[in-house]
**Q** 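Below you'll find the structure I mean.
Just the heavy atoms: all of them, side chains too, but no hydrogens, waters or symmetry mates, feed the values below. Naming convention: chains lettered A, B, ... in sequence-line order (proteins, then strands); numbering from 1 in each chain.
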2 protein chains.
Amino acid sequence: MVTAREIAELCGVSVATVSRVFNQPASVSGPTRERVERVARELDFSPNESARALSRKQSAMIGLVWDTDHRRPGWRHPFLQDLLLGLKSALSSHGYHLLLLATSDDARSRTPGVSLADPVGYVSMTRRHHLAGLVLIDSGSDAEAFTAFARSGLPCVALDVAISGPKATYVTSDNVRGAADAVAHLAGLGHRRIATLTGPRDNTPAAERTRGYRDGLAAAGLEARDDYVVSGDFYRESGFVGMRRLLARKEPPTAVFAASDEMAVGALLAARATGLRVPDDLAVVGFDDIEVASLVDPALTTIAQDKPGFGTAAAEALLKMIETDAAPEPVLLPTRLVVRDSCGA
Amino acid sequence: MVTAREIAELCGVSVATVSRVFNQPASVSGPTRERVERVARELDFSPNESARALSRKQSAMIGLVWDTDHRRPGWRHPFLQDLLLGLKSALSSHGYHLLLLATSDDARSRTPGVSLADPVGYVSMTRRHHLAGLVLIDSGSDAEAFTAFARSGLPCVALDVAISGPKATYVTSDNVRGAADAVAHLAGLGHRRIATLTGPRDNTPAAERTRGYRDGLAAAGLEARDDYVVSGDFYRESGFVGMRRLLARKEPPTAVFAASDEMAVGALLAARATGLRVPDDLAVVGFDDIEVASLVDPALTTIAQDKPGFGTAAAEALLKMIETDAAPEPVLLPTRLVVRDSCGA
DNA sequence: CTGAAAGCGCTTACAG
DNA sequence: CTGAAAGCGCTTACAG
C-alpha cells in the first residue's frame with residue numbers, strides 16, 4: 001500500500017500538499033499538482049478511506065437500512081434490485097458507496113460494543129461508521145424507528161414512508177393519482193361496479209391508493225360502496241381470499257383494482273377458481289408492474305411505478321442534503337398505466 | 001460522540017484498558033471489566049470504526065462486487081434479494097457489514113483519486129477501504145476481473161464462477177446433477193425426444209447444465225442429438241426463439257429442458273404461439289425456481305436452486321478464510337426438482 | 001502557494 | 001493485569 005507520505009517524498013513536497021492535490025486542487029500550483037498527480041498515478045496510489053474518514057469525521061458511505069420485517073417472514077421488496085441499481089449508480093458518481101447495515105436483529109451479534117450500544121443497532125452502526133447519510137427502505141413496520149432517524153439530524157431519505165426532520169425527506173409514487181388512473185381506466189371501459197383490494201391499514205402508500213380509488217370513483221360519478229373495499233396485505237394470498245369475498249357479495253363487482261400486483265394475481269387466481277373468465281367476467285388492474293405482471297395469463301393491466309427512479313431520486317435528495325443544508329421537498333414519482341389483457345381494453 | 005478516552009477517564013483507567021475490554025476481555029480483571037462495560041453502556045459508547053480500521057489495517061466490511069454487465073443491459077440476477085438476505089444475516093452475526101461497491105463504471109466518478117487509480121475501480125476501492133473480504137457476483141462476463149481478485153490474496157468468494165487462489169473459492173449449484181435430474185424426470189414420463197435450451201456459451205453453470213443434460217440422456221439410454229441442443233442466453237426471448245427453432249425440426253422434440261426459468265417461460269410462449277399445448281404436446285422443465293415459475297400457466301416444473309443458501313454459504317466460506325488461513329473447498333449446493341404442471345406429471 | 005504540527009480515535013507491542 | 005507511547009494515514013487550521 002503506497003501512502004501519501006511516499007508520494008510526498010518522491011515529489012519533494014509535504015504530505016499536506018499531496019492531500020491538497022486530491023481535495024482542493026485549485027489551491028496547489030500547476031506544476032506541483034501535475035507532478036503529484038503523475039507520481040500518484042504511476043504508483044497507483046489510493047488514499048486510505050479509514051484515515052480520511054477519521055480525520056474528516058465523515059465517511060464516504062451511505063447506510064442502507066433494509067430490514068426484513070420479522071412480522072412478515074416471506075416479505076420481499078417488489079423491486080429491490082432496480083432500486084439498488086439506481087441508487088448505486090447515482091451515488092457512485094459522487095464518490096459514495098452503499099453500506100448495507102447488518103444489525104443484531106439479523107442474528108445474535110457478537111460485534112464488540114454492539115451489545116453495549118443501543119438495542120436498535122442501526123443507530124449505533126450509523127454513528128460508528130460516521131455515515132454521510134441514510135436510505136431507509138420500508139419493510140412494513142419500521143415507522144417509529146424511521147422517525148427516530150429523521151430527528152437525528154443525519155441526512156435521511158425514506159422510501160415509501162413519510163418522514164420529516166431537519167435533514168429528512170422521502171420519495172414515494174404518486175399513489176393517489178395512480179389509483180385514480182386505474183379506476184378511470186375501468187370506468188372508461190364501462191364498469192360501474194368497481195371494487196378494490198387494499199394494502200395493510202398501517203401502510204401509507206396503501207392508504208393513498210385507497211384514497212385514489214375513491215377519487216377515481218367520484219370522478220367517474222360512481223358511488224363508493226363499503227362492501228366493495230376489502231383489505232389485504234399486499235400478498236397474493238390476501239388477494240385471493242379478498243377476491244373470493246368480493247365475488248360472494250349479493251351484487252358482485254365486475255372490476256377490481258388491487259393495490260399490488262401480487263394481490264392482483266391472487267384475484268386472477270380467485271376468478272379462475274370461481275369459474276369466471278378474466279377479462280370477460282371480471283376486469284383486474286394491479287399496481288407496481290413487477291415482472292410477473294406480464295407473464296400471468298391474462299397479462300395484467302397495471303399501474304407501473306418508476307423503479308429505478310426511486311433509487312436515483314433518493315440519491316439526489318441525499319446528495320442535496322449532504323452538500324447544502326436544506327431538506328428537499330418529498331419526491332412524488334409519477335406512475336404510468338400499462339394496458340395489457342386483464343381488462344379487455 | 002463519546003470516545004474511549006472519556007470512558008477511560010470516568011473509570012480511572014487508560015484507554016488501552018478500555019480497548020482491551022472490547023477486544024480481549026479475558027485479559028482484563030473482572031471488576032475493571034465490569035466497570036468499564038457499565039459506564040460504556042450508560043454513555044452509549046460505540047467505538048469509531050474508522051479509527052479501528054485504521055489502526056488494525058482491516059475494516060469490518062465485506063465488499064460486494066456486483067456490476068451490471070454493460071453488454072447485457074436488461075440483466076437481472078434471478079434471486080439477488082434472497083442472496084443478500086442470506087449474506088447479510090450470516091455476516092452480521094460475526095460483526096461484518098456489506099459494502100456495495102460502486103465503481104466508475106456506474107457513472108463517471110469524480111471521487112478524488114479514482115481517476116488516478118487503476119481503471120478497474122474495484123481493486124482500488126477494495127484497497128482504500130481495507131476490506132476484510134469480497135463477494136463476487138457473476139454478471140455474465142467478469143471472469144478475468146474475478147481471476148485478478150482471486151490472485152490478490154484477499155479472501156474472495158465468487159458466486160457461480162469458478163475461481164481459485166490462495167484465499168479464494170466459490171459457491172455454485174450442483175448444475176450437472178440438477179440438469180440430469182430434469183432429464184431423468186422427463187425420461188421417466190416416457191419422453192424420448194428431449195431437447196435443451198442452453199445458457200450462454202461462456203457461462204460455466206450453463207455449460208454444466210448442458211453436461212448434465214447429456215448425462216441424463218445417457219443414463220436414460222437416450223441418444224444425444226446435436227439438433228436438439230439450441231443455445232440461448234438465459235433470457236426469455238432466447239427461449240422463445242430457440243423453442244421455435246426446435247419445433248421446426250423435421251422430428252420435433254416432445255420435451256425440453258431449459259437452463260433457466262426465463263427461457264422456459266419463453267418456450268411456453270413459443271409453444272402457445274405454435275398452437276401446441278403444454279404439457280400435452282410439449283413438456284417443459286426449467287431451472288432456478290424464480291417467483292414467476294409458479295405463476296405461469298401451466299405452472300412450471302423446475303430445478304430449484306438454494307437461493308438463501310448461496311448467501312449463507314458464501315458468508316461461511318469468507319469467514320473461514322478470514323479467521324483461519326485456508327481456502328475452503330468450493331461449495332456445491334444441492335438442487336431440488338419441483339414438480340408442477342408443465343410436464344403433466 | 002506551501003510546510004510543520006496537531007489531531008482524528010482507536011490498537012498493540014513493550015515494559016512493568 | 002495495566003499503562004505510557006508509538007503508530008495507523010490522512011486533513012486542516014495556522015503561519016509564513
**Q** A/Glu49 CD to C/dC8 P: how many Å, rounded?
**A** 20 Å
**Q** Where is the tightest heavy-atom contact between B/Met1 and B/Glu6, given as atom of each residue plus distance?
**A** O-OE2, 3.6 Å
**Q** Side chain of B/Ala51: nearest nucleotide among C/dA4, C/dT12, C/dC10?
**A** C/dC10
**Q** Could you go through the side-chain hydrogen bond (donor to acceptor under 3.5 Å, both in side chains) check for A/Ser46 and B/Arg127 one step at a time?
**A** CA-CA 7 Å; A/Ser46 26; B/Arg127 270 207 314 254; 2.9 Å; yes
**Q** So what does A/Ala8 touch, heavy atoms closer than 4.0 Å: a base, only the sugar-phosphate, or nothing?
**A** nothing
**Q** Check this one for me: any side-chain N or O of A/Ser29 less than 4.0 Å away from OP1 or OP2 of C/dT2?
**A** yes
**Q** In whole angstrom, what separates B/Arg128's CZ from D/dT11's C1'?
**A** 15 Å
**Q** Measuring from the side chain of B/Asn48 (C-beta onward, heavy atoms only), which nucleotide among D/dC1, C/dT12, C/dC10 has the closest atom?
**A** C/dC10
**Q** Which nucleotide in the set D/dC1, D/dT12, D/dC8 lies at the smallest distance from any side-chain heavy atom of A/Ser19?
**A** D/dT12
**Q** Strictly under 6.0 Å, is that where the ring centroids of A/Tyr170 and A/Phe146 end up?
**A** no
**Q** Could you walk me through whether B/Ser92 and B/Ser89 pass the side-chain hydrogen bond (donor to acceptor under 3.5 Å, both in side chains) check?
**A** CA-CA 5 Å; B/Ser92 74; B/Ser89 75; 5.9 Å; no
**Q** Can you check the B/Leu54 CG to D/dA6 P distance for me, whole Å?
**A** 17 Å
**Q** Regarding A/Glu42 and A/Arg38, does a basic nitrogen lie under 4.0 Å from an acidic carboxylate oxygen?
**A** yes
**Q** For B/Ala327 and B/Lys167, which heavy atoms make the closest approach, and how far apart are they?
**A** CB-CA, 4.1 Å
**Q** Rounding to an integer number of Å, can you tell me how far A/Arg52 CZ sits from D/dT12 P?
**A** 9 Å
**Q** When the distance from CZ of A/Arg35 to C1' of C/dT2 is rounded to whole Å, what number comes out?
**A** 12 Å
**Q** In the structure shown, which nucleotide is the Watson-Crick or G-U wobble counterpart of D/dA4, with both distances under 3.5 Å?
**A** none
**Q** Quick one: is B/Ser14 getting a side-chain N or O under 4.0 Å of the D/dG3 phosphate, OP1 or OP2?
**A** yes
**Q** If you check every side-chain atom of B/Arg56, which of D/dG9, C/dT11, D/dT12 has the closest atom?
**A** C/dT11
**Q** Please say which of B/Val18, B/Leu10, B/Val15 ends up in a side chain to side chain contact (heavy atoms under 4.5 Å, CB included) with B/Arg5.
**A** B/Val15
**Q** Is any side-chain nitrogen or oxygen of A/Asn23 closer than 4.0 Å to OP1 or OP2 of D/dT11?
**A** yes
**Q** OP1 or OP2 of D/dG9 sitting under 4.0 Å from any side-chain N/O of B/Lys57?
**A** yes
**Q** Parallel, tilted or perpendicular: which one describes the rings of A/His129 and B/His97, with boundaries at 30° and 60°?
**A** perpendicular
**Q** Among D/dT2, D/dG9, C/dC10, find the nucleotide with the atom closest to the side chain of B/Thr3.
**A** C/dC10
**Q** Looking for any heavy atom pair under 4.0 Å, which part of the strands does B/Val13 touch: base, sugar-phosphate only, or nothing?
**A** sugar-phosphate
**Q** Taking NE2 from B/His129 and P from D/dC10, how many angstroms apart are they, rounded to a whole number?
**A** 13 Å
**Q** Could you identify the nucleotide paired to D/dA13, looking across every strand shown and requiring Watson-Crick or G-U wobble geometry with both distances under 3.5 Å?
**A** none
**Q** Closer to the 5' end of DNA chain D via nearest nucleotide, is it B/His130 or B/Val28?
**A** B/Val28
**Q** Within the structure provided, determine whether B/Glu37 and B/Phe45 are in side-chain contact (heavy-atom separation under 4.5 Å).
**A** no
**Q** Dump the pairs, protein N or O against N or O of nucleotides 14-16 of chain D, anything under 3.5 Å, distances to one decimal.
**A**
none

**Q** Heavy atoms only, 4.0 Å cut-off, all strands: where does A/Ala4 land among base, sugar-phosphate and nothing?
**A** sugar-phosphate
**Q** Roughly, in whole Å, what's the span from CD in B/Gln58 to C1' in C/dT12?
**A** 15 Å
**Q** From CD of B/Glu9 over to C1' of D/dG3, roughly how many Å is that when rounded to an integer?
**A** 14 Å
**Q** By nearest heavy atom, map A/Thr32 and A/Val15 onto DNA chain C; which one lands nearer the 5' end?
**A** A/Thr32
**Q** What nucleic acid atoms does A/Thr17 come within less than 4.0 Å of, heavy atoms only: base, sugar-phosphate, or nothing?
**A** sugar-phosphate
